[in-house]
Amino acid sequence: MTGASADALGFIRLTEVGPRDGLQNEKRLVSTAAKVEFVDLLSAAGFPEIEVSSFVSPKWVPQLGDAADVFARIQRRPGTVYSALVPNERGMDAALAARVDKVAIFAAASEGFSAANTGGTIAEVVARFVPVVRAAHAARIPVRAYVSCVVRCPYDGAVAPSAVRRVVEQLLALGADEIDLGETLGVAEPEDIERLYAELASVLPPARTTLHLHNTNGRALDNARLALQLGVRSFDASAGGLGGCPYAPGARGNVDTAALLAMLVSAGYETGVDGAAVERAISSITHVLRADAS
Ligand code: HMG
Ligand code: MG
């Protein structure tokens with residue numbers, strides 16, 4: 001990894017997911033121009049990765065129906081990976097045409113969320129990803145694989161860490177390059193995160209995971225601190241704490257990028273991300289969302 005200074009504790013990789021997770025959950029449609037400006041300001045902040053949008057069905061997530069236009073219009077900064085969610089082969093074709101640098105497939109650890117979010121059982125959804133991963137690797141594009149509901153599901157309740165491990169094993173067997181653990185509801189306590197990583201220890205080390213924390217109960221920073229102690233070195237965050245999934249009722253936004261960054265910097269970690277530039281991106285999108293709401 002680049003950007004680590006000699007006296008820092010180490011490098012933490014931040015993926016900014018606001019343009020995707022944040023904007024998918026807004027009631028009103030944000031214009032393509034406003035999304036492009038948001039992504040460009042985030043690029044200026046120096047994130048190693050920005051999750052720009054999703055090539056999903058616009059019937060399911062109309063907010064991100066302009067993914068191809070957004071990709072066509074953003075200014076790509078060398079050093080930033082521009083990624084997108086892909087649910088199936090059709091989405092993969094569109095993502096390749098848009099020249100994404102990386103794709104994110106998404107499965108769940110609970111059957112209730114799998115059905116509500118992706119219209120299939122866990123097994124069906126994992127099977128859908130087989131040709132997607134094959135196509136990504138043929139195009140030399142890495143694959144992030146999300147597992148949602150790693151602690152609790154809005155439909156099925158508590159999720160056992162062993163259920164998460166089983167899905168992680170299937171996604172690794174498919175060839176996923178990165179496992180991203182989604183705490184979709186934002187209700188985890190640090191003990192839940194500890195139990196989860198203890199269960200996953202036999203499958204992959206914490207340093208090979210990304211943690212995607214929503215922050216409904218206000219504990220996301222505490223969970224991130226605990227994860228750092230366990231060895232997690234990659235986190236998702238959302239500018240302004242925007243976010244949530246339309247198919248996860250009750251879930252609030254992701255951990256706020258500015259708050260996570262401040263915590264990491266004060267603890268002595270290096271991220272390569274410029275906090276003042278993050279604030280400019282946050283002002284831009286909050287201005288748009290406030291204007292839309294009025
Ligand atoms: P389906 O309805 O079961 O399947 O959806 P379908 O094949 O019948 O497709 C329905 C319609 O969508 C059809 O159109 C398809 O052509 C079209 P029609 O024939 O009715 O006119 N369609 C598409 N259009 C554009 N791009 C595509 C595409 N695929 C089908 N790729 C499907 C199955 C997976 C498509 C649907 O369930 C879907 O798109 N789900 C996405 C839901 C979503 O994006 N949720 C939010 C992201 S996940 C999340 O937020 C969690 C995360 O943040 C981590 C965490 O917090 O835990 C990642
Ligand atoms: Mg999410």
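Please read these numbers as outputs of a predicted model, since none were measured by experiment. Counting starts at 1 for both ligands and their atoms, in listed order. Positions are given from 1, in the same order as the sequence printed here.
Hydrophobic clustering of Ile, Leu, Val, Met, Phe, Trp and Tyr side chains at less than 4.5 Å, counting indirect connections, unites L85 with V133. There is no path of hydrophobic side-chain contacts, each under 4.5 Å, that joins L185 to L213. Taken together through direct or relayed side-chain contacts under 4.5 Å among Ile, Leu, Val, Met, Phe, Trp and Tyr, V81 and I179 form parts of separate hydrophobic clusters.
Of the candidates G182, C245, G119, S148, S148 brings a heavy atom nearest to atom 51 (C) of ligand 1. Here atom 20 (O) of ligand 1 lies nearest to K59 when heavy atoms of M92, E89, K59 are compared. Of the candidates D236, V147, D93, V56, it is V56 that places a heavy atom closest to atom 26 (N) of ligand 1. Atom 5 (O) of ligand 1 has its nearest heavy-atom neighbour, among Y146, F106, W60, in W60.
Checked against a 3.5 angstrom limit, the closest N/O atoms of G91 and ligand 1 fall inside it. Considering both main-chain and side-chain atoms, Y247 never comes within under 3.5 Å of ligand 1 through any nitrogen or oxygen pair. Considering backbone and side-chain N/O atoms, E183 never comes within less than 3.5 Å of an N/O atom of ligand 1. The shortest N or O to N or O distance between S57 and ligand 1 is below 3.5 Å. Of the polar atoms of N88, at least one N or O is found under 3.5 Å from an N or O of ligand 1, judged by distance alone.
Rounding to 10 degrees gives 90° for the angle at the Mg ion (ligand 2) between NE2 of H214 and NE2 of H212.
Here the closest heavy-atom approach between residue A109 and residue A163 is recorded as O-CB, 3.8 Å. Contact detail for V100 and A84: the closest heavy-atom pair is CG1-CB, 4.1 Å. In this structure, F55 and A94 approach most closely via the heavy-atom pair CD2-CB, 3.6 Å.
Proximity of N254 to ligand 1, defined as any heavy-atom pair under 4.0 Å, is not found for any part of the residue.
Atom 16 (O) of ligand 1 has R90 NH1, 2.5 Å as its closest protein atom, hydrogens excluded (heavy atom only). Given atom 52 (C) of ligand 1, the protein heavy atom at minimum distance is R20 NH2, 3.8 Å. T184 OG1, 2.6 Å is the protein heavy atom nearest to atom 57 (O) of ligand 1. From the protein, the heavy atom lying nearest to atom 32 (C) of ligand 1 is T118 O, 4.3 Å. N117 OD1, 2.8 Å is the protein heavy atom nearest to atom 45 (N) of ligand 1. Taking atom 50 (O) of ligand 1 as the reference point, the nearest protein heavy-atom neighbour is Q24 NE2, 2.8 Å.
Interface of L85 with ligand 1, defined as ligand atoms under 4.0 Å from a residue heavy atom, comprises 47 (C). Near R128, with a cut-off below 4.0 Å to any heavy atom, the atoms of ligand 1 are 34 (C). Here is the list of ligand 1 atoms found below 4.0 Å of a heavy atom in H212: 53 (O), 54 (C), 55 (C), 56 (O). Distances below 4.0 Å separate heavy atoms of H214 from the following atoms of ligand 1: 56 (O). Those atoms of ligand 1 that come under 4.0 Å of a heavy atom in D21, given as number and element, are 53 (O). Each of the following atoms of ligand 1 lies closer than 4.0 Å to a heavy atom of P58: 24 (N), 25 (C).
In this structure, T184 contributes its side chain and C149 its backbone to a donor-acceptor pair below 3.5 Å.
No side-chain donor-acceptor contact under 3.5 Å links T15 and E51. A donor atom on one side chain and an acceptor atom on the other are not found under 3.5 Å apart for S43 and Q75. Of the N and O atoms on the side chains of T32 and D66, at least one donor lies less than 3.5 Å from an acceptor on the other residue. A donor and an acceptor atom, one from each side chain of Q170 and R166, are nowhere located under 3.5 Å apart.
For atom 34 (C) of ligand 1, the nearest protein heavy atom is under 4.0 Å away. Distance remark: protein heavy atom not present below 4.0 angstrom from atom 7 (O) of ligand 1. Within 4.0 Å of atom 40 (N) of ligand 1, at least one protein heavy atom is present. Per-atom contact check: atom 2 (O) of ligand 1 touches the protein, criterion being a heavy-atom distance below 4.0 Å. For atom 37 (O) of ligand 1, the nearest protein heavy atom lies closer than 4.0 Å.
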Could you walk me through whether R225 and D222 satisfy the salt bridge (charged side-chain N to carboxylate O under 4.0 Å, His left out) test, starting with their C-alpha distance in whole Å, then the side-chain angles of each, then the deciding distance to 0.1 Å, before giving a yes or no? CA-CA 5 Å; R225 274 191 206 93; D222 296 325; 2.8 Å; yes

Take E49 and S83, measure what side-chain hydrogen bond (donor to acceptor under 3.5 Å, both in side chains) needs, and give me the verdict at the end. CA-CA 7 Å; E49 182 167 341; S83 60; 3.1 Å; yes

Go through the steps to decide whether H137 and V143 satisfy the test side chain to side chain contact (heavy atoms under 4.5 Å, CB included), and finish with yes or no. CA-CA 8 Å; H137 287 165; V143 177; 3.9 Å; yes

What verdict does the salt bridge (charged side-chain N to carboxylate O under 4.0 Å, His left out) test give for R165 and E169, after you've listed the backbone C-alpha separation in whole Å, the side-chain angles of each residue and the deciding distance to 0.1 Å? CA-CA 6 Å; R165 178 180 43 73; E169 284 170 335; 3.5 Å; yes

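Aromatic ring pairs are classed by plane angle as parallel below 30°, tilted from 30° to 60° and perpendicular above 60°; the pair Y146 and H212 is perpendicular.
With respect to the Mg ion (ligand 2), D21 has OD2 as its nearest N, O or S atom.
A salt bridge links D236 and R144; the closest N-O separation between the charged side-chain nitrogens and carboxylate oxygens is under 4.0 Å.
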